Amino acid sequence: MDYQFKDIEQKWQQFWAQNNTFKAEDKSTKPKYYVLDMFPYPSGAGLHVGHPLGYIASDIFARYKRLKGFNVLHPMGYDSFGLPAEQYAIQTGQHPAVTTEDNIATYRRQLDQIGFSFDWSREVRTSSPDYYKWTQWIFMQLFNSWYNKDAAKAESITNLVAHFEQNGSAGINAVCDEEILSFTADEWNALSNPVQQSELLKYRLTYLRESTVNWCPALGTVLANDEVKDGFSERGGYPVEQKKMMQWSMRITAYAERLLQGLDTIDWPEPLKEMQRNWIGKSTGASVRFPIDKTTHLSQLITNYIEVFTTRVDTIFGVTFLVIAPEHELVASLTTPEQKADIDAYIAVTKKKSELDRMADAKTVSGAFTGSFVLNPLNGEKIQIWIADYVLAGYGTGAVMAVPSGDQRDYLFAKHFNLPIVPIIDIQSIETEADPTKEGKYINSEFMNGLDYKAGTAAVIAKLEEIGAGKAKINFRMRDAIFGRQRYWGEPVPVYFKDGLPHLIEEDHLPLLLPEVDKYLPTESGEPPLGRAEGWSYKPEGAPSKSPPVGETSQSHKAGSYRETADPVYYEQVKDFSRDNRNQPTEAEEMLWQFLRSEKLGYKIRRQHIIGQFIADFVSLQKGLVIELDGHHHTSNKEADDARTEVLNHFGFEVIRFSNDEVLKDVQSVALSIKLKLDSLPERDKTKISGEETDAAKVSPTGGDLEGAGYAYELSTMPGWAGSSWYWFRYMDAQNDKEFASPEAIAYWKDVDLYIGGSEHATGHLLYSRFWNKFLKDIGKVGEEEPFKKLINQGMIQGRSNFVYRLIDEEGRGTNTFVSHGLIKEYKTSPLHVDVNIVENEVMNINKFKEWRPEFADAEFILENGKYICGVEVEKMSKRYYNVVNPDDIAQRYGADTLRMYEMFLGPLEQSKPWNTNGIEGVFKFLRKFWRLFHNDAWEFNVSGVEPSKAELKSLHKIIRKVEEDVERFSFNTSVSSFMIAVNELTDLKCNNRAILQDMVIILSSYAPHICEELWTLLGNPAGTLSYAPFPKFNSAYLIEDDFAYPISINGKMKMNLNIPLSLEIKEIEETVLANADVQKYLDGKAPKKVIVVKGRIVNMVV
RNA sequence: GCUCAGAUGGUGGAACUGGUAGACACGCAGGACUUAAAAUCCUGUUCCCGUAAACGGAGUGCGGGUUCGAUUCCCGCUCUGAGUACCA
């Protein structure tokens, strides 16, 4: 029979599925090998043509390793939480779980069709409760951990608490928030539990904090940095703005150093490692405190120095000015009255600039002088303080010491504003630009003069440390990762809120199931979709089970605490107003806020907070202090103010007021008096809120006051990368309902030996996965420091579009005539995308074109050589370019084996390339030719049992060696070529030898498994044994040659080949060559000056 | 701007540690079979000169260097792609 790929492929795909052929053994004496693909997000569009490329490569490798005697783990699953299913749900009302299920079915069908050797018994889906139970569990472990810098690992939070109880905060070297309390053991033990908890939150590896987030209004969610491209969302392309929100974060920065160091131990593509290094962005330098010069400044300051971070502390004597970010907290207080207009104007301009403007405008020098000075800590020299938007508030301390002689940006700034430029190194040349050299000796640098870079740096740091003005410091660019999304289709965070503080739910209550909601949209009050879930609240063990309160309680922590004192009816009416107020503060409010925010005074202050029926400008809920600034709407209304004060007192709040002028004139002294007031106040009497005797009874309390009726759950869900940050462990023990994977399974499978996927995950998935892996190692759950030992990036598949050229008539209108590509220069035409599926090797099928769209039914063509040739361009693969190629079509037409081999044949795996089916015929022909080796002219199976000839053995062993070498270095394209060569040779030899062909079947089976299984059984082997057959052993004896056709070159140019026995030594070869008549002809009677002979390689003569 | 990767026939690409550049495949041209087409098979196919052929010259983005010999190593440049963006 001729090669019937359809029947064969169907038959074997069924066989593999029914017999669990590729099920990995949990216990084995064989060495393990773990081959993993980045699992797909099951989108509605189905498997995209780029996906199979990596999957095929990994499948070939997995199959090859099985033949080589490894116990291979090669699983597949779905990253099935995600935005598209939710967007679709919003549009159609269909539950995302339903569409996800459908999409997975499509994916599975498509995957099966390509004949992958996945162990489907281990399939995972991140959206399945069995799976996300463990994602939530890991979240809980992170919550219960802090990072001990001394031990360089994560430790249990109970250790930290024990330390606080016994020793206070002294002796703790942790990765934590900036503003932590310091306390003795007694002080700690005296703190109330909520205060302790809020302090501990500053240490936990996952924690809440108000962060500036990338808010995408169109998607209604927060995006990670790597989900934002040029100010637009990566998915959907919607505008993204900066917004402050209370968010869950992951303290990935704790692992910055280990994430960096680990890169040196893993076999990943260098560009990928480089991307991670840049992302982590380690810089070694020093932090230096520049004391503020008080002589020029009268008003009180919160600090009396400005701290900068520098990587060139050795240039400190070259500092001629200091630049701080326009958003820097000290700007207002450093600005002298004379400079105020300038500074205000500059800040106003900066605020107006969009992100894009700032980028486009990178070369313009701008800034403004504050009028204040700092002193050089080493020689007391007065240094001007400037603000400029080239200094970023978010990096380092938001302040730089400017060294114009060594830094080009500072140089330009100094030139522009006529600031001094002091050379500090003897060989520096700074006439036209800065010279950042580290060579030479220091000058103008007092005690450093004459030293070189290394000695100088050490001397400066020693001096700074001695006088307490600075120390060596390492800075990272990487920020903590935000871990919340205001979305429905994701893992619920296993947290409830009590007293406005987050608490974990009991482990027994995992998984915290995703609740049903009526709509997949934010609530009317702007809460995430989970706010719609009715009666969704947490009841801890043993609590009296009152029916949960409706509506108001299922609020997030944030809204929960904001509403702590709010009249529920009134709240709904004014909450938008309050938010607007927050977003558009008055000048005085904003200025004061910079001193009150982030617990700078040691107290958490909220602004525009609703209390009863009022919106307080600022409030400390802890101390019950309301701070009011007189806005224009009630300056003249003393009565109203008094009424407010009375009501607020009623709720247990004290009120202090400041005028706008007071704040604008001297914000520091205002801040100072607030602090003094706060210090003097006792903790707020909260009974006044929940107490029944007050009007406040109608005020909606927090969950904490409900005494077990039900606490509000966190309403945001986890981001897309949560489930994918540990999934490779789940495959090791996918059915386990006691643990995320058993210690035995983890001890056996350890880590992923080969991971294949796209480089687009460089700073997302791959970084987060390494982080979680390290954390799980720290808590003793896994053994390896790195999850993915070797990683290969498959190249991206680009689209390849075809064009037809519509003829334009004299009046400039398009006609229904189309000009072949080669002739378009002779006509006036306009190009038009045409469906690539009706074009083959750039020749368009004219009939199909006419059928393609009704308006082309009567189209006419101007052909070249009777054909319509299309134009070609490489662009993104997209429906609107009609260049999408579906792997299904290829599999239907040529079969999975051809598809597999063709995708490999296209070129090196890592290279990006346009998808192009030109040439697929050649691969199909090859398989048919292979099939024919086993058959006679009448297509009857026919192999002989005679001894293989020397030539046959040589062909076979050449391919054995070639495939081994190629597969081991992931050069799949070259081995496909070699297979073709081998089959061509064997065809020429008319080989139908059983021994040879059977080995060929084994070697080829990892590339083209279906045809090989069929031939394997035709050869008389039991079905299903091919996948575990031993790979043929290479024997070099078959490749040894007696002769070698030496290339004979003259002056490096090859002239002829000459057969010389390999047994001859160099001297003899030279003689043989020179004695040859043809060689003499080339030499033209001249004697060569020199003869180079490389044995077995080449002979070269110099004349 | 910086970092990284890359540039080889009409096309995808091969040449692994410096040693016969263009393997393998597509496409194209010619031929065989066929009434014809498809399929299949055979031959040729880097370019230029010349041509029946032998033979000669050039040639791996551009310019230079090291070497008996460079697609491969070094220096400078051009272009393409990716990442990053005032990171102190």
Side-chain angles (χ1 to χ4, degrees), chain A residues 230 269-279 281-283 285 308-313 315 323 325 355 358-359 361-365 388-392 394-403 406-410 412-413 475-478 759-760 762-763 793 795-796 798 840-843 865 872 874 902 905-908 910-914 916-923 925-926 928 962 965-966 969 971 973-984 1045-1057 1088-1094 1096-1103:
Chain A
D230 303 330
E270 203 46 50
L272 193 77
K273 291 200 209 178
E274 200 58 32
M275 275 165 75
Q276 290 209 346
R277 281 191 196 108
N278 290 339
W279 190 260
K282 179 179 180 173
S283 46
V308 304
F309 174 76
T310 174
T311 52
R312 286 297 300 274
V313 69
T315 61
V323 188
E355 195 91 354
R358 270 174 89 155
M359 273 197 270
D361 206 23
K363 293 212 167 63
T364 317
V365 177
D389 63 7
Y390 82 81
V391 177
L392 306 175
Y395 183 74
T397 58
V400 301
M401 55 177 230
V403 185
D407 181 286
Q408 185 59 20
R409 261 176 340 197
D410 298 343
L412 291 172
F413 197 88
N475 217 20
F476 292 95
R477 195 181 75 117
M478 183 168 65
S759 59
E760 65 272 21
T763 52
N793 285 134
M796 292 218 264
Q798 296 146 306
E840 202 166 333
N841 289 319
E842 311 346 325
V843 180
N865 304 325
V872 182
V874 172
Y902 181 64
F905 186 61
L906 266 178
E910 321 79 46
Q911 230 165 69
S912 285
K913 56 214 148 224
N916 178 1
T917 43
N918 294 357
I920 194 164
E921 294 277 347
V923 174
K925 278 192 228 167
F926 153 76
R928 196 155 172 265
K962 181 72 178 158
E965 283 173 1
D966 286 353
R969 66 189 170 105
S971 173
N973 57 325
T974 49
S975 42
V976 176
S977 298
S978 308
F979 278 125
M980 290 174 173
I981 294 167
V983 167
N984 288 345
Y1046 279 90
I1048 310 298
S1049 309
I1050 292 171
N1051 293 337
K1053 291 271 174 208
M1054 212 279 284
K1055 294 293 175 188
M1056 58 177 287
N1057 286 101
K1089 283 185 205 145
K1090 193 173 173 188
V1091 180
I1092 294 107
V1093 177
V1094 182
R1097 275 265 152 92
I1098 197 167
V1099 178
N1100 187 23
M1101 284 172 286
V1102 190
V1103 289

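Every value quoted in this text rests on a predicted model; they were computed, and no experiment measured them. So you know, we letter chains A, B, ... as the sequences are listed, proteins then strands, and number each from 1.
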Next on the checklist: By the 4.0 Å heavy-atom rule, please label Q911(A) as base, sugar-phosphate, or nothing.
Outcome noted: sugar-phosphate
Checklist entry - Is it true that a side-chain atom of D407(A) and a backbone atom of D410(A) form a donor plus acceptor pair closer than 3.5 Å? => result yes
Checklist entry - Of all the choices, C24(B), A88(B), C68(B), which nucleotide is nearest to the side chain of T311(A) once you look at every atom? => result A88(B)
Checklist entry - Choosing from U20(B), G83(B), G57(B), which nucleotide comes nearest the side chain of P1047(A)? => result U20(B)
Item to check | K925(A) vs C26(B): side-chain N/O to OP1/OP2 distance below 4.0 Å | outcome: yes
Item to check | Check ion pair E921(A)-R928(A) (N to O, under 4.0 angstrom) | outcome: no
Item to check | Distance in Å, I981(A) CD1 paired with S975(A) OG, rounded so as to fall on 0.5 Å steps | outcome: 11.0 Å
Item to check | Listed nucleotide nearest any side-chain atom of R409(A), set G57(B), U84(B), C86(B) | outcome: C86(B)
Checklist entry - What interatomic distance, in whole Å, is found between C1' of U3(B) and the corresponding atom of A14(B)? => result 30 Å
Item to check | Rounded distance in Å between the C1' positions of C68(B) and C41(B) | outcome: 46 Å
Next on the checklist: It should be established whether Q276(A) places a side-chain nitrogen or oxygen under 4.0 Å from OP1 or OP2 of nucleotide G83(B).
Outcome noted: no
Item to check | For G83(B), the Watson-Crick or wobble partner whose two distances fall under 3.5 Å | outcome: C2(B)
Checklist entry - Hey, does the side chain of S283(A) come within less than 4.0 Å of A88(B)'s phosphate (OP1/OP2), counting only N and O? => result yes
Checklist entry - Can you find a side-chain donor-acceptor pair between D966(A) and T974(A) that sits under 3.5 Å? => result yes
Checklist entry - To the side chain of M275(A), which of A14(B), C87(B), G83(B) is closest? => result G83(B)
Checklist entry - Once you round it to whole Å, what is the distance between C1' of A70(B) and CD1 of I1092(A)? => result 14 Å
Item to check | Length of the line joining D966(A):CG and C24(B):P, which is rounded to integer Å | outcome: 16 Å
Checklist entry - So which nucleotide does C55(B) pair with, by the Watson-Crick or G-U wobble rule with both distances under 3.5 Å? => result none
Checklist outcome for this item: Judged by nearest nucleotide, the residue sitting upstream toward the 5' end of RNA chain B, I981(A) or R477(A), is I981(A)
Checklist outcome for this item: Result for 5'-nearest mapping on RNA chain B, choosing between R969(A) and V1094(A), is R969(A)
Checklist outcome for this item: Considering only heavy side-chain atoms of N918(A), the closest of C16(B), C26(B), C68(B) is C26(B)
Checklist outcome for this item: Taken to the nearest 0.5 Å, the spacing of N973(A) CG from L906(A) CG works out to 9.0 Å
Checklist entry - OP1, OP2 of A25(B) versus side-chain N and O of N984(A): anything below 4.0 Å? => result yes
